[in-house]
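Here the structure comes first, spelled out in structure tokens, and everything after it is commentary.
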Amino acid sequence: MNLRRKLACAFIIASGLLTAGCSLFRKDASGPVSKKELKVGFVYVGSIRDNGYTQSLDTGRIALEKEGIKTVFIENVPDSHLCILAIEELINQGCQLIYTTSYGHLKFTKFEAVKHPEIRFGHCSGGEVLPNMNSFFGRMYEARYLSGIVAGLKTTSNKIGYVAGVPIPEVIRGLNAFAQGVQAVNPDATIEVIWTNSWINEDAERNAATKLFNSGCDVFAQHVDTNITQKVAQQYGAYCIGYNYGTRRIAPKAYLTAPVFYWKNFFVEDVRRFLEDRWEPLIYWGGLESGMVGLDDLSPLCNPGSVKKVEEMKSKIIEDPGLIFRGPVYDNKGTLRVDVDETLTDEEIWNMDWYVQGINVIQM
């Protein structure tokens, strides 16, 4: 177990989330499921052809298929009671291990996990566990920091636009890490963020990106599930940082890079634990060192020196993950949040609900 995994488990125990282990999950309690018997289900919030979040997740499912694991998926499942219906459908199809993939799926996944103790579940990004439910996510804020370096080196207006979805800690910590990366190389730059309050709303994303361009932003980043922001950037002759999935082909005249997930690195190992009867409920939060997150190849549009700087900082983060939020860190109202030589804990990063210096929230 690596240091990050140990820290994650300690965080679970300290938070009172890990109530008990459980080794018998089959209805007949006869032991582990064989690879031939196993069927794994996925509940997706979006489409597997979205060139973004869900398609990125689906690469992990495809990796399981290549390992000889049977999989089933249901896509476009919103954060509603329809999630329960999707889970029940997967159980009826014989799935013994089910992953739900939206933050908003959490309460429905918990409900089904309690109802079906013989099934094991994994929920993406919620940070809660039950005896038969994992939580899994990547430390995307580390890759966000690296993408902030790319954006900070590229901007000439010193105004970077950020189209963000739902203002939960997951999105806020990524935004803050991005801003820290920008200001590490360009302290004069600001990040102008507009919240769409939705993971998928193409009209809102288009309007937000257009407004940010009109306010002087020349580089855009995003934390939403579509690639509309990237298309708007290309339309106006600006530059963009994608998210989740490499999409250079979507906006080749604008695309710089993207922080991306490598979901197969979790799914393949989690299924292996299941098959070997050593699955346990834990919060998995892998970073750059685990290969769970990373940065897509930098395009030729990036400023000279960007690759070298990114590689340098990537090595430093792997060696010292705390440096992203090591003090002094001020919030965007000028209050000192992290003192000199102090570092935010995992729990403080996970629950982050304030903005770092340099971030301006713009109303739609």
Side-chain angles (χ1 to χ4, degrees), residues 35 38-79 82-83 85-87 89-91 93-106 108-109 119-126 134-140 143 165 170 174 198-202 222-230 242-250 255 257-275 284-286 290-297:
K35 186 174 183 179
L38 179 61
K39 185 180 287 187
V40 180
F42 291 80
V43 178
Y44 292 142
V45 70
S47 164
I48 63 168
R49 294 290 178 263
D50 67 358
N51 289 300
Y53 177 66
T54 296
Q55 189 163 350
S56 174
L57 280 160
D58 201 53
T59 63
R61 183 192 63 81
I62 292 169
L64 290 177
E65 290 274 355
K66 291 179 179 178
E67 294 280 328
I69 304 297
K70 293 187 290 292
T71 68
V72 184
F73 67 89
I74 300 176
E75 56 189 333
N76 297 313
V77 179
D79 297 341
L82 293 176
C83 181
L85 299 181
I87 291 171
E89 173 61 24
L90 292 175
I91 293 173
Q93 291 189 42
C95 295
Q96 303 100 326
L97 175 60
I98 295 173
Y99 297 107
T100 57
T101 59
S102 172
Y103 181 86
H105 289 164
L106 176 59
F108 308 109
T109 309
I119 305 296
R120 299 185 201 185
F121 294 85
H123 175 261
C124 184
S125 79
N134 263 343
S135 174
F136 64 96
F137 204 49
R139 292 179 184 263
M140 181 50 76
E170 170 196 335
S198 175
W199 300 122
I200 304 169
N201 186 328
E202 294 189 358
Q222 65 177 82
H223 192 139
V224 286
D225 290 358
T226 85
N227 48 56
I228 292 296
T229 302
Q230 299 166 57
Y243 182 42
N244 290 304
Y245 197 71
T247 49
R248 184 174 168 185
R249 69 189 183 283
I250 298 295
Y255 183 83
T257 186
V260 294
F261 287 100
Y262 298 105
W263 296 106
K264 71 175 184 179
N265 292 338
F266 169 76
F267 290 133
V268 170
E269 177 57 28
D270 197 51
V271 169
R272 185 176 293 123
R273 285 192 292 265
F274 183 94
L275 290 170
Y284 179 84
W285 200 18
S290 72
M292 183 70 171
V293 300
L295 202 62
D296 191 22
D297 291 341

Original post:
When rounded to the nearest 0.5 angstrom, what is the spacing between CG in D58 and CZ in F73?
Top reply: 6.0 Å

Original post:
So, T101 side chain and V43 main chain: donor-acceptor pair closer than 3.5 Å or not?
Top reply: yes

Original post:
What are the two closest heavy atoms between V40 and C95, and how far apart are they?
Top reply: C-SG, 3.9 Å

**OP:** Identify the two heavy atoms, one from E202 and one from T226, that lie closest to each other, and give their separation to 0.1 Å.
**Re:** CG-CG2, 4.1 Å

**OP:** Verify, without hydrogens or angle tests, whether K39 (side chain) and Q93 (backbone) share a donor-acceptor contact under 3.5 angstrom.
**Re:** yes

Original post:
D270: what forms a salt bridge (charged side-chain N to carboxylate O under 4.0 Å, His left out) with it, not counting sequence neighbours?
Top reply: R273

Subject >> Candidates Y243, Y245, Y255 - the one meeting side chain to side chain donor-acceptor pair (under 3.5 Å) with D296 >> reply: Y255

Original post:
Is any side-chain heavy atom of K70 less than 4.5 Å from a side-chain heavy atom of L38?
Top reply: no

Subject >> Shortest non-hydrogen contact from V268 toward A63 >> reply: CG2-CB, 4.2 Å

Original post:
Between S56 and N244, is there a donor-acceptor pair closer than 3.5 Å when you use the side chain of the first and the backbone of the second?
Top reply: yes

Subject >> Close aromatic pair by centroid cut-off 6.0 Å: Y53 and Y44 >> reply: no

Original post:
Under 30°, 30 to 60°, or over 60°: which ring-plane class applies to F261 and F137, parallel, tilted or perpendicular?
Top reply: tilted

Original post:
What pair of heavy atoms forms the shortest contact from F121 to L97, and how long is it?
Top reply: N-CD1, 4.4 Å

Original post:
When rounded to the nearest 0.5 angstrom, what distance separates OH in Y284 from CG in N134?
Top reply: 11.5 Å

Original post:
Quick check: does any side chain N or O of R120 sit under 3.5 Å from a backbone N or O of Q96, one acting as donor and the other as acceptor?
Top reply: no

**OP:** Heavy atoms only: give me the nearest H123-L106 pair and the separation to one decimal.
**Re:** NE2-N, 3.3 Å

Original post:
At what distance, to the nearest 0.5 angstrom, does CE of M292 lie from CG of N265?
Top reply: 7.5 Å

**OP:** Would you please classify the geometry between the W263 ring and the F136 ring as parallel, tilted or perpendicular, with 30° and 60° separating the classes?
**Re:** perpendicular

Subject >> Q222 side-chain N/O to V224 backbone N/O, donor-acceptor pair under 3.5 Å >> reply: yes

Original post:
Does D50 use its side chain to pair, donor to acceptor, with the backbone of Q55 at less than 3.5 Å?
Top reply: yes

Original post:
How are the rings of Y99 and F266 set to each other: parallel, tilted or perpendicular (split at 30° and 60°)?
Top reply: perpendicular

Original post:
To the nearest 0.5 Å, what is the distance between CD (E269) and NZ (K264)?
Top reply: 13.5 Å

Original post:
Any side-chain donor paired with an acceptor under 3.5 Å for D79 and S102?
Top reply: yes

**OP:** Check whether the side chains of T54 and E75 place a donor and an acceptor atom closer than 3.5 Å, and report yes or no.
**Re:** no

Subject >> E170 to H223 - nearest heavy-atom pair and separation >> reply: OE2-NE2, 3.4 Å

Original post:
Is the shortest heavy-atom distance from the side chain of E89 to the side chain of V72 under 4.5 Å?
Top reply: no

Original post:
Taking C-beta and beyond as the side chain, do F274 and I69 meet within less than 4.5 Å on heavy atoms?
Top reply: no

Original post:
Out of curiosity, E67 CD to L64 CG, how far, rounded to the nearest 0.5 Å?
Top reply: 7.5 Å

Subject >> Straight-line distance of R248 CZ to Q230 CD, nearest 0.5 Å >> reply: 13.0 Å

